[in-house]
Each structure stands twice: as structure tokens, then as C-alpha cells.
Number of protein chains: 2
Amino acid sequence: MSVLDSQVATRLAEQDIRYTRARRAVVAALQDIDGPRTAAEIHESLRGDVPLSSLYRTLSVLDQSGVLVPHTGAKGLVRYELAEWITGHHHHLVCLKCGTIEDTDVPPSFESRMEKMVEKIGTSTGFNAVDHSLEIHGVCLACS
Amino acid sequence: MSVLDSQVATRLAEQDIRYTRARRAVVAALQDIDGPRTAAEIHESLRGDVPLSSLYRTLSVLDQSGVLVPHTGAKGLVRYELAEWITGHHHHLVCLKCGTIEDTDVPPSFESRMEKMVEKIGTSTGFNAVDHSLEIHGVCLACS
DNA sequence: TTCCTTGCAAACGATTTGCATTGGA
DNA sequence: TCCAATGCAAATCGTTTGCAAGGAA
């Protein structure tokens, strides 16, 4: 059991949620990938080991328990990735052609300024900010 | 015909696309709103004047002609808003509870720094950046 | 008049759910 | 053991499309 696996196991145990075969498989699959993926993509990378209907339930459980985060970045498809307490904070490159989303980082100095700004926007508008993500839209290497 | 209307009319005329009743209605509906809305929401605010299937076709035409921009921000629903050449550049407050997206601005000094950064990320990763949007996630006033 | 656009109904694709069975702590 | 998780098939929901009728240039 990898470090990541035991972190996730702990997180699920705290909530009395079982860490089953399907759930392990999904976490493992997302571990090797640096960006959100759709249910269909995960299903394929699992070579059909987990039927789609179970996969959707698995994604939903892992989302609600804070292990995954959903993104609905492009083409109206929901894409999941490991939560930031696992991957670390990052931002997204969204391809306008194929809809793929990849992770990217920004310089720490910019990041801290962005955080302050987000906080300020919250207090001045009544919007209770929790999180933020800079979405950069364009065309990825594979599509250009 | 409002200023906005004639701008849109011109844009469509350049592409030999008719500015019909349904298209005018959608543009007018989005004009009063400061954030992306789903087809269902637009349909409702039009009080069913435009049937859903026609509405989807209308949204698609206005998207392809550069009048609207789609966002797939939350709950896996596609939301449309007027393009930035009409509304001006802005960012988004995304409510994690109800999924609504509202527009917001950031200070110009921050904005220009963000633009430079986005450009740099593009050149250093092979990703051809076109556009960006800071998505601030949290809980909106109505939901808290 | 001539296409483009509309409306209706049927088709589609992603996601969800009911229910009987299996499996994990 | 005992309840949660799974697998299958059917249902649901947002969105798309074929086709005949109506409308803008």
C-alpha cells in the first residue's frame, strides 16, 4: 500500500467509508495522471474492470469524501482529479479543441498575491470564497 | 434597436447570419444578467417563447458567430454569456452549492500581471494560450 | 422566391437509480 | 455476520437531429 493509498485509506476510515477494490483502482488510475479525466477516460484506463455505473458511484463517493474534485471544464463533461491536499495547489490549461485539462503551476509570488485578492473579493461582495483556480484557455500541443 | 443590438446585428451580418426573433430574444435576455446562464434558465426567462430545441440551436449559432461564450462551470451544465467584446473582460464567482456563476472584476494592476503570466506559461509549455479566467469557488450570498 | 430558421417529436449520450447479489470490516 | 458496495438493466436528463412548415432577405 503506497503512501498515497494509506492517506486516502485514513481519510475514508474517518468517515466510515470502505476503501474497496473499485475505489483503490480509481485512485491508482488518477495517481499517474496530471489533470482531470472524465468517467469514460477512467473507465478505459481501467480496461473495463469497473463497470460504468459502478464507476460513477465510486467517483461520487470519492468526491463527497474529499478525495476527488470534479471539474466541468469543457465539452460539458465532468472530469475528476485528486484533491489538492493530495496533489498540491495548481491551476489548469484547458484545451478549446479537445477539451482536455492539464495541471500547471504559477510562481509563488503571483500565487500569494492571487490569494490575497481572492480573499478581498470575498469580503467585499458577500461571496464566501473557499478556493480558486486560474483557467487558461487555448490550444494544447497535441491539437496544434 | 439598442446599441448592443446593432453591434450584434453587424457581427451577424458580416457572416451572413440572420438576426431573427429568437436570436434577438436570447441576446436581450442575457443582456440584463451578469453571468453565464444555462439553456433551461434562459428558456424560463423567455417564458417558453422559444422552445428548448430551437433555443439550443440559437445558442449554438450565437456561440459559433462569436456573440456568446459557453462555460461549463458547475453541475455539468453548459452556461452561456455574452462574449467579452460586448461585456468587457471579467472573472467568475462559482457557487459550490447552487452552481450559479456571477461575473466579477479584479484590479487592473493584478489583471496585467496575470496576463503576462498567462503568456509566459504559454511560451514555456507549448500550450497556445488564447484567454484566461480566474474562477473563484465558494458559497454565494443566496446559499449561505 | 429561395434558403434559412423554426417547431415538433424522436434519437442520443452521459449519468443515475432499483434491485438482487456479493464482499469488506 | 451485516450492512455497504457492486453489477446489470432500465430510467432520467440535458442536448441534438430529421423533417415538414413558416419566415427573413
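Within every chain, numbering begins at 1; the chains are lettered A, B, ... in the order of the sequence lines, protein sequences first and strands thereafter.
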In terms of side-chain heavy atoms of B/Arg18, which of D/dG14, D/dT6, D/dA24 is nearest? D/dA24
Among the candidates C/dG7, C/dT6, D/dG7, find the nucleotide nearest to the side-chain atoms of A/Val50. D/dG7
For A/Glu115 and A/His89, which I'm curious about, is there any donor-acceptor pair between the side chains at under 3.5 Å? no
Is it the case that A/His132 and A/Glu111 place a side-chain donor and acceptor less than 3.5 Å from each other? yes
Both B/Ala22 and A/Leu52 contact DNA chain C. Taking the nearest nucleotide for each, which residue is further toward the 5' end? B/Ala22
Walking DNA chain D from its 5' end, the first of A/Ser53 and B/Ser54 to be reached, judged by nearest nucleotide, is A/Ser53
Roughly, in whole Å, what's the span from [atom1] in [X] to [atom2] in [N]?
X: A/His43; N: D/dG7; atom1: NE2; atom2: C1'; result: 11 Å
X: B/Arg21; N: C/dG7; atom1: CZ; atom2: C1'; result: 11 Å
X: B/Glu41; N: D/dT15; atom1: CD; atom2: P; result: 11 Å
X: A/Tyr56; N: D/dA11; atom1: OH; atom2: P; result: 19 Å
X: A/Asp16; N: C/dG24; atom1: CG; atom2: P; result: 17 Å
X: B/Ile42; N: D/dT15; atom1: CD1; atom2: P; result: 10 Å
X: B/Leu77; N: D/dT12; atom1: CG; atom2: P; result: 19 Å
X: A/Arg79; N: C/dT15; atom1: CZ; atom2: P; result: 10 Å

For a quick test of reading the model: is some side-chain N or O of A/Arg23 closer than 4.0 Å to OP1 or OP2 of D/dT6? yes
OP1, OP2 of D/dT6 versus side-chain N and O of A/Thr20: anything below 4.0 Å? yes
Which one of B/Leu46, B/Leu82, B/Val50 satisfies the side-chain contact (heavy atoms from CB on, under 4.5 Å) criterion with B/Val26? B/Leu46
Would you say B/Thr10's side chain and B/Ser6's backbone share a donor-acceptor pair under 3.5 angstrom? yes
Minimal non-hydrogen separation, A/Arg37 against A/Thr100, with atom names: NH1-CG2, 4.0 Å
Under 3.5 Å donor-acceptor pair, A/Arg57 side-chain atoms to C/dG18 base atoms: yes
B/Ala40 near the nucleic acid: base, sugar-phosphate alone, or nothing, with a heavy-atom cut-off under 4.0 Å? nothing
